[in-house]
K.L.:
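Take this structure, written in C-alpha cells, and hold onto it; I'll ask about it next.
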There are 2 protein chains.
Amino acid sequence: MSKTKNLGEFEILVLAALVRLGADAYGVTIRREIEERAGRDVSVGALYATLSRLEQKGYVSSRVGEATAERGGRAKRHYIINANGKEQLDKSALALGNMLKGIGPWPKTLNLQA
Amino acid sequence: MSKTKNLGEFEILVLAALVRLGADAYGVTIRREIEERAGRDVSVGALYATLSRLEQKGYVSSRVGEATAERGGRAKRHYIINANGKEQLDKSALALGNMLKGIGPWPKTLNLQA
DNA sequence: ATATATCTTCTACAATGTAGAATAAATAAT
DNA sequence: ATTATTTATTCTACATTGTAGAAGATATAT
C-alpha cells in the first residue's frame, strides 16, 4: 500500500487511457483515445509532459519500440501503467465516483448513479 | 452553452459536494462531506481558495449568512452552485465516466461500469 | 541528398492544489 | 466592560499539475 498523492484530472484520464489501450499505448493512440472518448482536446505537449511526470512518480513505465513504422518516422515510445499507478487510479476513481453518483442526470450508458 | 475550461480534480469534488449539500453548504459542511464521502483529507486553506476561484469563474455564488450561531463564532458563508457550474460539472463527470467505465473493479455500489 | 512522414522533447508559462498562520466576529464568563 | 472561548473565513507563500506550440529526432520515399 503506497502513499496516495491525489492524481490530477488529466492524469486520471491518461492513466485510464493506458488501461484501455494496453500494449497499444503510445503518444498518438493515447491522445486519440482521450480526444474521442472523453471528448476533450489534448495537445501533444500536455500529454507527454504528463506521461513524463507519471513515469517519474513510478506510476507508469515506458520503453522505446522497434523502428517498425511503415511509412517512416521516429520510433514510438510505448507506455504501460504499473501496479502502483493502477492503485492510485482506483483510489481516485472511487473518490470521484462516490462524490458524483446520484447527482446526474447522465446518459444511462454512464451508470454513475447508485 | 458557455465555454468549457476543464475543471481540476479537487474543483470537481467541491462542486459535487455543493450539489449534494444544497442549502446546507458552507465551509465546514463542504469539508466534512468531501472527507467522509471521498475519503480524502481537505485543508481549510485548500477548500476556501478553491471556492473563491470557482466563484470568480462564475460557477458558484456565495452570501454571508445571518449571525444565528448557537454558541458564538463568525457567520457562515453559504455557497451555491449555479447553472454554469453545474454544466461544467456534468461535462467533467461525463468525460471521466466515459474513460473510467469498465476498467474497475470497484464496489458494486459505485456502478461505474457500463 | 533532399523531401516527407511520424513521433517525441523542450521551453515557458498559466492554473490548480495545498497547508497553516492569521484574522474576524459572534457568544459566554468574570 | 474586558477577557476568554468558539466558530468560521481570509491571507500568504509555495508546490504541483495543466497547457500550447516550436523545435528536434529519426525513420522511409524520391
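In this text, all values refer to a predicted model and were calculated from it rather than measured experimentally. Note on naming: letters A, B, ... go to the chains in the order of the sequence lines (proteins, then strands), and numbering restarts at 1 for each one.
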K.L.:
Rounded to whole angstrom units, what separation is found between the CG atom of B:L54 and the P atom of C:dT16?
P.N.:
9 Å

K.L.:
Starting the side chain at C-beta, find the nucleotide from D:dT10, C:dT9, D:dA8 nearest to B:K76.
P.N.:
D:dA8

K.L.:
Take A:A49 and A:H78, find for each the nucleotide of DNA chain C with the closest heavy atom, and name the residue whose nucleotide sits nearer the 5' end.
P.N.:
A:H78

K.L.:
Kindly point out which of D:dT17, D:dT19, C:dG17 is positioned nearest to the side chain of A:F10?
P.N.:
D:dT19

K.L.:
For A:E11 and C:dA15, give me the distance from atom CD to atom P, rounded to whole Å.
P.N.:
19 Å

K.L.:
Ignoring hydrogens and angles, state whether a donor on the side chain of B:T50 or B:E11 is under 3.5 Å from an acceptor on the partner side chain.
P.N.:
no

K.L.:
Using atom CG of B:L47 as one end and atom P of D:dC11 as the other, report the distance to the nearest whole Å.
P.N.:
15 Å

K.L.:
With heavy atoms under 4.0 Å as the rule, sort B:G45 into base, sugar-phosphate or nothing.
P.N.:
base

K.L.:
Please check if the number of heavy atoms outside B:D41 that lie under 6.0 Å from its CG is greater than 12.
P.N.:
no

K.L.:
Side chain of A:R53 only, please: which of C:dT9, D:dT19, D:dT10 is the nearest?
P.N.:
D:dT19

K.L.:
Check whether A:S62 reaches the backbone of A:R77 with its side chain - one donor and one acceptor, N or O, closer than 3.5 Å.
P.N.:
no

K.L.:
Out of C:dT9, D:dT17, D:dG18, which nucleotide sits closest to the side chain of A:K57?
P.N.:
D:dT17

K.L.:
How about B:I80: does its CD1 atom have over 12 heavy atoms from other parts shown lying under 6.0 Å from it?
P.N.:
no

K.L.:
From the options C:dA21, D:dA22, C:dA19, select the nucleotide whose nearest atom is closest to the side chain of B:S43.
P.N.:
C:dA19

K.L.:
From the set D:dT19, C:dT9, C:dT18, return the single nucleotide nearest to any side-chain atom of B:T50.
P.N.:
C:dT18

K.L.:
Considering only C:dG17, D:dA8, C:dT9, which nucleotide approaches the side chain of B:R74 most closely?
P.N.:
D:dA8

K.L.:
Check whether any side-chain N or O of A:R20 sits under 3.5 Å from a backbone N or O of B:M99 as a donor-acceptor pair, and report yes or no.
P.N.:
yes

K.L.:
Expressed in angstrom and rounded to an integer, what is the separation of A:L7 atom CG from D:dT17 atom P?
P.N.:
8 Å

K.L.:
I need the CD-C1' distance between A:Q88 and D:dT17, as an integer number of Å.
P.N.:
15 Å

K.L.:
In residues 23-32 of chain B, which residues come under 4.0 Å of DNA chain D by heavy atom?
P.N.:
B:Y26, B:G27, B:V28

K.L.:
If hydrophobic clusters are built from ILVMFWY residues whose side chains come within less than 4.5 Å, do B:Y26 and B:L51 share one?
P.N.:
no

K.L.:
Name the closest nucleotide to the A:N6 side chain, picking from C:dT6, C:dT18, C:dG17.
P.N.:
C:dT18

K.L.:
Can you see if the side chain of B:R40 gets near the phosphate of C:dT18 - specifically, an N or O under 4.0 Å from OP1 or OP2?
P.N.:
yes

K.L.:
Taking atom C1' of D:dT17 as reference, at what distance in whole Å does atom NZ of B:K5 sit?
P.N.:
13 Å

K.L.:
Please test A:R31 against A:E36 for salt bridge (charged side-chain N to carboxylate O under 4.0 Å, His left out), starting from the C-alpha separation and ending with a verdict.
P.N.:
CA-CA 9 Å; A:R31 186 174 179 220; A:E36 288 179 355; over 6 Å; no

K.L.:
Expressed in angstrom and rounded to an integer, what is the separation of A:R77 atom CZ from D:dA25 atom P?
P.N.:
15 Å

K.L.:
CD of A:E9 versus C1' of D:dT17: gap in Å, rounded?
P.N.:
11 Å

K.L.:
When B:E33 is tested against each of B:V28, B:V42, B:L21 for side chain to side chain contact (heavy atoms under 4.5 Å, CB included), which residue passes?
P.N.:
B:L21

